[in-house]
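These notes concern the structure reproduced below.
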Amino acid sequence: MPELPEVETVRRDLQRRVRGAVIERVEVRNPGSLRGLAPRPFTGEIRGRRFDGFARRGKHLLCALCSGDTLVVHLRMTGVMLHQSVRDPLPAMARIVFHLRGGRRLVFADQRKFGTMELAADPLSLPAIWKLGPEPLGRTFTAARLRDALQGRTGPVKSVLLDQSVVAGLGNIYVLEALHRAGISPKRKACGLRQAETARLHRSIVAVLRAAIAARGSSVDTYRDGQGKRGWFQVQHRVYDREGKACKRCGAVIVKEQFRGRGTYWCPGCQR
DNA sequence: AATCGTTCCTGATAGC
DNA sequence: TGCTATCAGGAACGAT
C-alpha cells in the first residue's frame with residue numbers, strides 16, 4: 001500500500017513528467033472518489049488549468065494548479081496515479097481521468113475505492129493536513145521530538161507510530177520494518193521505551209524510509225509508480241510479508257499475528 | 001485526551 | 001469445477 005516512500009516516488013515521477021501539462025478535460029468515473037464533492041464544480045474548477053508542480057505531505061500528494069488551488073490526493077490502499085498515452089488501455093479501475101493536452105492523460109485508478117481527491121484553496125485548511133506530525137525526513141523530526149511524542153502514550157508503539165499526528169507518512173509496512181531494525185517489539189508500550197531505544201527507533205525510521213525511496217517503494221500488492229512500474233523494496237523487507245521465514249538478523253522464525261485488527265509481523269528472536 | 005472498535009470497498013484466495 | 005466466505009487495511013468517526 002502506498003506509504004511515504006511510494007507517494008514520494010510517484011511525486012517525483014509526476015514532477016518530472018506532468019509538471020506544466022494542461023488539463024483539457026476531467027472525467028469523473030467514480031464520484032465517490034471526490035469525498036462528497038459534486039463532480040460538476042470539481043471538473044469546472046480544473047478544466048483548462050495547468051499542473052504547476054507536485055509536492056507531498058505525509059501520504060498526501062499535493063498537485064498545485066496554476067489557479068492557485070491544490071488538488072489533494074490520498075491513495076489509501078490501492079490507489080495509483082498513472083501517467084500514460086491515450087493510446088494505452090485505460091486501467092479497469094480508473095476512477096478519475098485527467099485528459100492532458102498533447103495526447104497524454106493522468107489516471108487516478110483505485111481498486112477498493114478508498115482513495116480520495118479534493119480541491120483546496122489552501123491545503124493547510126484541511127484537518128487531514130494540518131493535524132499531521134513532522135515529516136520524518138525533515139529537519140524537525142529529531143530523536144528528542146520522537147521521544148516527546150511517545151511520552152504519555154500508553155498504547156503499543158506500533159499503534160502510536162501509525163498515528164499520523166505523531167509522525168507523518170508511516171503505514172503498516174514501514175512501522176514494522178523500522179521496529180525490526182530498532183530491535184523493538186511492536187507490542188511495547190510507547191511511553192515505556194528507554195532513551196537509547198527511542199534514538200534507535202528514530203534512526204531506523206529515517207534509514208528505512210531513505211532505503212525504500214531509493215528502491216522506488218514496495219510493490220507487495222497493487223502499488224505502482226507514475227509509469228505503472230513496480231518498486232523493489234519488498235525484496236529488502238526484513239519482517240513484512242515474511243511470515244514463517246528466517247529472520248535475516250538472528251535466524252528466528254518471523255511470526256504474523258492479527259494485532260488491533262492489523263496484520264503484524266515481527267521477529268520474536270531479536271525484537272524485545 | 002487517548003484509545004478502541006467499526007466502517008468503507010472489491011479482487012484475490014482459501015475452503016468446501 | 002464452481003461457489004461462497006474471508007481477508008487485506010488508512011483514516012474518519014463515535015463511544016468510552
Side-chain angles (χ1 to χ4, degrees), chain A residues 1-8 10 28-37 56-62 72-81 90-96 108-118 120 123 125-133 135-136 146 148-179 186-193 205 209 212 217-224 230 234 237 239-244 255-266:
Chain A
M1 60 226 118
E3 303 178 24
L4 188 153
E6 289 76 26
V7 179
E8 176 62 18
V10 171
V28 179
R29 298 164 65 93
N30 177 52
S33 299
L34 301 182
R35 259 196 142 172
L37 181 72
R56 181 190 56 75
R57 181 75 174 94
K59 302 174 198 170
H60 298 262
L61 181 64
L62 309 177
V72 181
V73 181
H74 198 305
L75 302 172
R76 294 289 174 102
M77 262 86 72
T78 56
V80 298
M81 289 287 270
L90 197 64
M93 304 304 160
R95 307 303 185 194
I96 311 283
F108 170 65
D110 183 24
Q111 179 196 114
R112 287 179 213 164
K113 295 185 174 177
F114 280 11
T116 58
M117 60 174 63
E118 61 190 310
S125 68
L126 302 175
I129 302 294
W130 64 254
K131 285 182 178 175
L132 290 173
E135 280 295 321
L146 178 63
D148 288 346
L150 299 184
Q151 286 300 318
R153 301 295 298 254
T154 58
V157 61
K158 187 213 168 179
S159 307
V160 174
L161 290 177
L162 286 173
D163 183 340
Q164 300 298 296
S165 70
V166 171
V167 190
L170 297 180
N172 211 27
I173 294 175
Y174 297 106
V175 163
L176 293 173
E177 290 296 317
L179 284 168
K187 298 182 173 181
R188 287 276 297 281
K189 277 171 74 168
C191 60
L193 296 187
I205 290 169
L209 293 177
S218 303
S219 288
V220 174
D221 193 6
T222 57
Y223 165 72
R224 297 293 184 274
R230 305 171 72 98
Q234 64 277 6
H237 287 181
V239 284
Y240 191 87
D241 205 26
R242 297 195 69 241
E243 182 185 15
V255 297
K256 179 189 186 184
E257 187 179 311
Q258 284 300 118
F259 180 61
R260 306 284 250 263
R262 293 289 175 264
T264 300
Y265 301 85
W266 83 98

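Below, read A as the first sequence line, B as the second, and so on, with proteins coming before strands; counting in each chain starts at 1.
Remark: C1' of B:dA2 and CG of A:L161 are 16 Å apart, rounded to the nearest angstrom.
The distance from atom CZ of A:R95 to atom CD of A:Q111, rounded to the nearest 0.5 Å, is 8.5 Å. To the nearest 0.5 Å, the span separating CD on A:E6 from OH on A:Y174 amounts to 3.5 Å. The line from CE of A:M117 to CG of A:D110 is 9.0 Å long, rounded to the nearest 0.5 Å.
Within the 4.5 Å cutoff, side-chain heavy atoms of A:V166 are placed close to those of A:R153. Using a 4.5 Å cut-off on side-chain heavy atoms (C-beta onward), A:V80 and A:T222 make no contact. Counting heavy atoms from C-beta outward, A:H237 and A:S218 have side chains that approach closer than 4.5 Å. A heavy-atom distance below 4.5 Å is found between the side chains of A:L146 and A:V167. Between A:L161 and A:L179, the closest side-chain pair of non-hydrogen atoms falls below 4.5 Å. Put simply, the side chain of A:M1 reaches to within 4.5 Å of the side chain of A:I173, judged on heavy atoms. Counting heavy atoms from C-beta on, the side chains of A:E257 and A:K187 come closer than 4.5 Å.
Across all strands shown, A:K189 has no heavy atoms under 4.0 Å from either base or sugar-phosphate atoms. Residue-level contact check: A:G263 touches the backbone only, with heavy atoms under 4.0 Å from sugar-phosphate atoms and none from bases. Within the nucleic acid shown, A:Y240 comes within 4.0 Å of sugar-phosphate atoms alone, with no base atom in reach, counting heavy atoms only.
If you check residues 148-155 of chain A against DNA chain B, the residues with a heavy atom closer than 4.0 Å are A:R153, A:T154, A:G155, listed by number. Listed by residue number, A:Q164, A:N172 are the residues of residues 164-175 of chain A with a heavy-atom contact under 4.0 Å to DNA chain C.
Among residues two or more places apart in sequence or in another chain, the salt bridge (Lys or Arg N to Asp or Glu O under 4.0 Å) test is passed with A:R76 by none. Remark: A:R56 engages A:E8, A:E135 in a salt bridge (Lys or Arg N to Asp or Glu O under 4.0 Å) (not counting sequence neighbours).
Along DNA chain C, the nucleotide nearest A:T78 and the nucleotide nearest A:A128 are compared for position; the residue whose nucleotide lies closer to the 5' end is A:T78.
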- Message: Could you walk me through whether A:N30 and A:F108 satisfy the side chain to side chain contact (heavy atoms under 4.5 Å, CB included) test, starting with their C-alpha distance in whole Å, then the side-chain angles of each, then the deciding distance to 0.1 Å, before giving a yes or no?
- Response: CA-CA 10 Å; A:N30 177 52; A:F108 170 65; over 6 Å; no
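Here the range on DNA chain C touched by chain A, meaning any atom under 4.0 Å from one of its heavy atoms, is C:dA8 to C:dA12.
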Pairs: protein N or O with nucleotides 8-11 of chain B N or O, under 3.5 Å:
{"residue": "B:dC9", "atom": "O4'", "partner": "A:R112", "partner atom": "O", "Å": "3.4"}
{"residue": "B:dT10", "atom": "OP1", "partner": "A:K113", "partner atom": "NZ", "Å": "2.7"}
{"residue": "B:dG11", "atom": "O4'", "partner": "A:Q111", "partner atom": "OE1", "Å": "3.1"}

